[in-house]
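Nothing here was measured: the structure is a model prediction, and the numbers come from that model. Quick note on labels: first sequence line is chain A, next is B, and so on, each numbered from 1.
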Number of protein chains: 2
Amino acid sequence: MSSTPPPRVGDAYNPDCPTRHILDRIGDKWAVLVLLSLKDGPVRFNLLRRRIGAISQKMLSQTLKSLERDGLVSRAAFATVPVTVEYRLTPLAGGLIGILDQITNWAETHVGDIMAARRAHDAGVEAMAA
Amino acid sequence: MSSTPPPRVGDAYNPDCPTRHILDRIGDKWAVLVLLSLKDGPVRFNLLRRRIGAISQKMLSQTLKSLERDGLVSRAAFATVPVTVEYRLTPLAGGLIGILDQITNWAETHVGDIMAARRAHDAGVEAMAA
DNA sequence: CAGAATCCCGATCGATACTG
DNA sequence: CAGTATCGATCGGGATTCTG
């Protein structure tokens, strides 16, 4: 036993380190897209589904549940006919959204550089193969 | 041909959107850990391996290659005996590191909230099941 | 409309062994 | 030391079907 080995800060390599949990959440492609889809206000399930487009109903449902579990998204059901369900970001998610926006901003500004590097690298590799 | 379909900004849902490429890179758990491991200077292959600990040499090698391809990491080999290879961040990766640091900071500050939300949620679910 | 349950394929990843 | 190659197990995730 003697559990809880040193949860060292800044040591995200240790699976025991709680930071890893958040990193894994960010690492979840769908989770990030869902969070970004919700940043302008509450959205219903199927609308969310259509917005993201590429996501399957299963993954959306699954992603929403895990985000709700982590307190990043809240669910509200209305007893209309048929039933309506809205998802929205929690205050906790607010700060995270800011960072995610920075990532997309960075991506938009530097995607050209990355694509260029990729082409240059691939050209080099191709030359070697020839 | 007629490639490059509308790379709409802010529309990361579209797989054709270049932003997705970066999101996928971030979504790569190992890639993020490798980048963070390199932020204090160049590191040799096996040292990197030992630092991250949980990574297999296959994944490390694979991750490094893709990061190099994207111009985020550069490789330098020295003809010592035995051979020495150093990996370091490129200038391009600099800005990205700043954002990744923000993520780990956010994670460290809010992991408590998330864990608490998770426990509360699980308790509720357990109550339902009973 | 919102979601749960089932089936199932293929990408991912780890362990192992070999090379320069 | 710094990798590559191969194999096998795991599992994420899509398509489909059914319910409240």
Side-chain angles (χ1 to χ4, degrees), chain A residues 13-15 20-21 23-35 37-38 41-70 73-88 121 124-125 128-129, chain B residues 13-15 20-21 23-34 37-38 41-69 73-88 121 124-125 128-129:
Chain A
Y13 321 123
N14 187 341
R20 270 293 278 277
H21 296 314
L23 239 31
D24 287 348
R25 184 86 14 279
I26 304 295
D28 185 338
K29 176 178 59 175
W30 295 128
V32 171
L33 290 178
V34 166
L35 289 175
S37 304
L38 290 175
V43 185
R44 284 177 306 100
F45 187 86
N46 276 331
L47 179 55
L48 204 46
R49 187 151 130 73
R50 257 173 273 119
R51 272 205 202 171
I52 301 185
I55 196 173
S56 69
Q57 169 276 332
K58 175 184 175 179
M59 290 319 296
L60 177 56
S61 173
Q62 187 173 304
T63 301
L64 284 169
K65 267 200 284 191
S66 69
L67 287 174
E68 197 190 352
R69 185 168 106 101
D70 285 354
V73 162
S74 67
R75 197 189 100 119
F78 303 97
T80 54
V81 173
V83 63
T84 302
V85 179
E86 268 185 6
Y87 290 92
R88 77 180 62 211
H121 183 266
V125 169
M128 301 296 285
Chain B
Y13 320 123
N14 188 341
R20 271 291 280 278
H21 295 315
L23 239 30
D24 287 348
R25 186 77 27 273
I26 305 296
D28 185 338
K29 177 178 58 176
W30 295 129
V32 171
L33 290 179
V34 166
S37 304
L38 290 176
V43 185
R44 284 178 306 100
F45 187 86
N46 277 331
L47 179 55
L48 204 45
R49 187 151 129 72
R50 259 173 270 120
R51 274 205 201 170
I52 301 186
I55 196 173
S56 67
Q57 111 283 35
K58 175 184 175 178
M59 290 318 297
L60 177 57
S61 172
Q62 187 172 304
T63 301
L64 284 169
K65 266 200 286 191
S66 69
L67 287 174
E68 198 191 351
R69 184 170 107 102
V73 163
S74 66
R75 199 189 99 119
F78 303 97
T80 54
V81 173
V83 63
T84 301
V85 178
E86 268 185 6
Y87 290 92
R88 76 180 63 212
H121 184 266
V125 170
M128 301 295 286

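In this structure, A:E68 places its CD atom 15 Å from P of C:dA2, rounding to the nearest Å. What separates CD1 of B:I55 from P of D:dG3 is a distance of 13 Å, to the nearest Å. Atom C1' of nucleotide D:dC1 and atom CZ of B:R49 are separated by 11 Å, given to the nearest angstrom. Spacing between atom CD1 of B:I52 and atom C1' of C:dC13 amounts to 15 Å, rounded to whole angstrom units. Between A:F45 atom CZ and C:dA4 atom C1' the separation is 10 Å, expressed in whole Å. Rounding to whole angstrom units, CG of residue B:L60 and C1' of C:dG14 are separated by 14 Å. Counting to the nearest Å, the P atom of C:dC13 and the CG atom of A:D24 are 12 Å from each other. In this structure, the CZ atom of B:F78 is 23 Å from the P atom of C:dG20, given to the nearest Å.
Between A:R25 and A:D70, at least one side-chain nitrogen of the basic residue sits less than 4.0 Å from a carboxylate oxygen of the acidic one, meeting the salt-bridge criterion.
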- [ ] List the steps, then state whether side-chain contact (heavy atoms from CB on, under 4.5 Å) holds for A:L48 with A:L38.
- [x] CA-CA 8 Å; A:L48 204 46; A:L38 290 175; 4.0 Å; yes
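No hydrogens or angles were tested; on distance alone, a donor-acceptor pair under 3.5 Å links the side chain of A:Q57 to the base of C:dA4.
Taking the side chain of B:N46 as heavy atoms from C-beta on, and the options D:dG14, C:dC1, D:dC1, the nearest nucleotide is D:dC1. With distances taken from any side-chain atom of A:R50 to the nucleotides C:dG14, C:dC1, D:dG3, the minimum falls on C:dC1. Among the nucleotides C:dG20, C:dC1, C:dA2, the one closest to any side-chain atom of A:P82 is C:dC1. Side-chain proximity of B:M59 to the nucleotides D:dG13, D:dA2, C:dG14 is greatest for C:dG14.
Across all strands shown, A:K65 has heavy atoms under 4.0 Å from sugar-phosphate atoms exclusively, and none from any base. Contacts of A:Y87 with the nucleic acid, taken as non-hydrogen atoms under 4.0 Å apart, involve only primed sugar atoms and P, OP1 or OP2. If you check every strand for non-hydrogen atoms under 4.0 Å, B:R75 touches sugar and phosphate atoms only.
When the side-chain nitrogen and oxygen atoms of B:S61 are compared with OP1 and OP2 of D:dA2, none of them lie within a distance under 4.0 Å. Applying the 4.0 Å criterion to OP1 and OP2 of C:dT16, one finds that B:K58 has every side-chain N and O outside that range.
Counting only distance, with no hydrogens or angles, the side chain of A:D24 and the backbone of A:G27 share no donor-acceptor pair below 3.5 Å.
Contact annotation: the side chain of B:W30 approaches that of B:I52 to within less than 4.5 Å [non-hydrogen atoms, C-beta and beyond].
Here the closest heavy-atom approach between residue B:P42 and residue B:E86 is recorded as CB-OE1, 3.6 Å.
Ranked by how close their nearest DNA chain D nucleotide is to the 5' end, A:S56 and B:Q62 are led by B:Q62.
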